[in-house]
Number of protein chains: 2
Amino acid sequence: MPYIHTHRILVALDCIIFGFDGEGLNLLLVKRNFEPEIGKWSLMGGFLNEGENLEDAAHRIVYDLTGLDNNYLEQFQTFGAINRDPVERTISVAYYALVNIEDQDLNAIRSHNASWISLSKKPKLIFDHDRMVEEALNRLRTKAALNPVGFELLPVKFTIPQLQKLYEAIYDTKLDRRNFSRKVLSTKLLVGTGEKDMGSQTKKGQLYTLNAPEYIRQQKGNFGFMPELIMAED
Amino acid sequence: MPYIHTHRILVALDCIIFGFDGEGLNLLLVKRNFEPEIGKWSLMGGFLNEGENLEDAAHRIVYDLTGLDNNYLEQFQTFGAINRDPVERTISVAYYALVNIEDQDLNAIRSHNASWISLSKKPKLIFDHDRMVEEALNRLRTKAALNPVGFELLPVKFTIPQLQKLYEAIYDTKLDRRNFSRKVLSTKLLVGTGEKDMGSQTKKGQLYTLNAPEYIRQQKGNFGFMPELIMAED
DNA sequence: ATGTAATTGTGTAGTAGCTACACAATTGAT
DNA sequence: ATCAATTGTGTAGCTACTACACAATTACAT
């Protein structure tokens, strides 16, 4: 027997998908070829299906667009202003995702008419999506200062300077190379592979990978991963 | 024209209402005299109405139960497991509120069959409400370490030892009296009233009030109000 | 009024962590 | 081999937190 005299509404999910291209943070945005607001940019989103958990729906949406599962995904806020969707009353549960930009499924992205766009060149988005991006970035900043999470944005093997560039991008700041590397190594989160990076930009950095058990452990509690980076949220 | 082929569901809100009685944190809980789960304890909740913002609905729910508006209220998570409500698929947007236990409207509380219950003696709650309380406390702990928020739980005028007891309750720990008072006074958040507390417990503490503009300013950014209190979340 | 116990406020040494920078080691190219 | 670019280690200065000694204040009993 259902509840009576109650109002059922649409529940959407919107995903702020962050990627890192070695220089700055990027967003995976969709140029809409469907109504409403056709032709404009928006976040990737969708509706919650019958018999589907919120978490599962968020994963589904990210998977549809990138072909990737197992991404870092965190719910951060639910947006419920009355007129946020002009078509019909809809509340939207927002998640941000961190994905490795290199592992993406280019076909999936093309078929959704999506592109990676530098956060610094973000166009105006539809509805309240601009605010969602802003809040997602705030959340990512606080989270990454307390727990090691940014690594999800890098390839499996990476150099310390690459990791530093990532943190500089997240916080839009410059960090001291020497202190950064010392700090990161002291966490025991990284294990050297012995290999060197023969790739494009860096010349001599040793490649590291995550020490998976320690990584999982430190994601659980608040360890103050880089507490000095906590800064104004707004 | 509405969206088609989409699934509309119930949106509920649940409020974790924290109060402080001078010793420990308390929760305002409802002993249900209505179905489902009549006779069991639950959080105060309600459904989102047509034409009502999420924020407004949360304020309405807290106001109905306590007679108080203008409380500190923060949305912290949306719970959407398929079977979390056995009656019908419902997602619930959870907020926690900080209220001054002394200002409450006793009639409103009685008429809802609600009581203040010490967090340490919390009974088992219905549905997923236990987890909501757990997550709310985690969130409050992180929040109170980064920003001054706990003051909402105290009377307008309070002594520093009272404030210390509050922080000790939130973090379930003991703090050094001398360092605590120094730290708090250094924030410029408090202004002495000159008056003394002739009340019940404390004997000689000067009464302080909030320096409102500074309080509002420091709630906005992350200033690391008491960063040493950040601890494991789980 | 005066003394005593309880409580509150100030000083400070020790420690840990962050910042800034000097200097050494390593790598890749000529 | 030599040099330039890059990366790794040492360390002094600063700030903030901790722990505790000691001084000041208050409440209350006599």
Side-chain angles (χ1 to χ4, degrees), chain A residues 22-23 141 144-148 154 157-168 171 173-209 218 222-231, chain B residues 22-23 141 144-148 154 157-168 171 173-208 218 221-231:
Chain A
E23 285 300 320
R141 284 176 172 166
L146 298 177
N147 301 88
L154 295 172
K157 296 178 182 180
F158 53 88
T159 65
I160 291 184
Q162 275 180 285
L163 182 62
Q164 181 181 340
K165 282 239 173 195
L166 170 61
Y167 271 80
E168 290 179 340
Y171 294 99
T173 187
K174 283 283 166 195
L175 300 173
D176 185 282
R177 171 182 66 78
R178 296 155 285 195
N179 295 331
F180 182 84
S181 119
R182 198 189 339 250
K183 176 77 188 250
V184 167
L185 290 172
S186 76
T187 62
K188 309 292 181 197
L189 280 173
L190 304 186
V191 284
T193 61
E195 304 169 56
K196 301 293 167 179
D197 178 13
M198 299 315 177
S200 41
Q201 48 270 63
T202 57
K203 300 212 173 167
K204 287 162 260 193
Q206 188 184 182
L207 284 168
Y208 290 88
T209 342
Q218 294 199 24
N222 282 342
F223 287 82
F225 180 63
M226 297 223 166
E228 67 277 15
L229 289 174
I230 293 188
M231 42 173 50
Chain B
E23 285 300 320
R141 284 177 172 165
L146 298 177
N147 302 87
L154 295 171
K157 296 178 181 178
F158 52 88
T159 64
I160 291 183
Q162 276 181 283
L163 182 62
Q164 181 181 340
K165 283 240 174 194
L166 170 60
Y167 271 80
E168 291 179 340
Y171 295 99
T173 187
K174 284 283 166 196
L175 300 172
D176 185 282
R177 171 183 68 77
R178 294 155 285 196
N179 295 332
F180 182 85
S181 121
R182 199 191 335 252
K183 176 77 188 253
V184 166
L185 290 173
S186 76
T187 63
K188 310 291 181 198
L189 280 173
L190 304 186
V191 284
T193 62
E195 303 168 57
K196 301 294 168 178
D197 177 12
M198 300 315 178
S200 41
Q201 49 270 64
T202 57
K203 300 212 171 166
K204 286 161 262 193
Q206 187 182 185
L207 285 168
Y208 290 88
Q218 294 199 23
N222 282 341
F223 288 83
F225 181 62
M226 298 220 165
E228 66 278 15
L229 289 174
I230 294 189
M231 43 172 50

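Convention: sequence-line order gives letters A, B, ...; per-chain numbering from 1. Worth knowing before you read on, the calculation uses all heavy atoms, side chains too, and leaves out hydrogens, waters and symmetry mates.
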Subject >> Pairwise side-chain contact, B:V184 with B:Y208, heavy-atom cut-off 4.5 Å (strictly under) >> reply: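 Of all side-chain heavy-atom pairs linking B:Y208 with B:V184, none is under 4.5 Å.
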Original post:
Heavy-atom distance under 4.5 Å between the side chains of A:L190 and A:T209, does that happen here?
Top reply: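 No, too far: nothing below the 4.5 Å cut-off.
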**OP:** Please report the closest heavy-atom contact between B:L175 and B:F180, naming both atoms and the distance.
**Re:**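 The pair with the smallest heavy-atom distance is CD1-CD1, 3.8 Å.
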Original post:
Which heavy atom in B:N147 sits nearest to a heavy atom in B:Q218, and how many Å separate them?
Top reply: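 So the two residues come closest at ND2-O, 3.1 Å.
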**OP:** Go through the structure and list residues passing side-chain hydrogen bond (donor to acceptor under 3.5 Å, both in side chains) with B:R178, not counting sequence neighbours.
**Re:**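 B:R178 satisfies side-chain hydrogen bond (donor to acceptor under 3.5 Å, both in side chains) with B:D176 once adjacent residues are dropped.
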Quick one: [X] [atom1] to [N] [atom2], roughly how many Å, whole number?
| X | N | atom1 | atom2 | answer |
| --- | --- | --- | --- | --- |
| A:K174 | C:dA20 | NZ | P | 14 Å |
| A:Y167 | C:dC18 | OH | P | 14 Å |
| A:Y171 | C:dC18 | OH | P | 13 Å |
| A:F180 | D:dT9 | CZ | P | 15 Å |
| A:Q162 | D:dT7 | CD | P | 10 Å |
| B:I160 | C:dT10 | CD1 | C1' | 13 Å |

Subject >> Those residues that, when tested against B:K188, pass salt bridge (Lys or Arg N to Asp or Glu O under 4.0 Å) (two or more places apart) >> reply: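 Here no residue qualifies.
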Subject >> Summary of protein contacts for nucleotides 17-22 of chain D, nucleotide by nucleotide, where a base hit scores B, a sugar-phosphate-only hit scores S (4.0 Å, heavy atoms) >> reply: SBBBBB
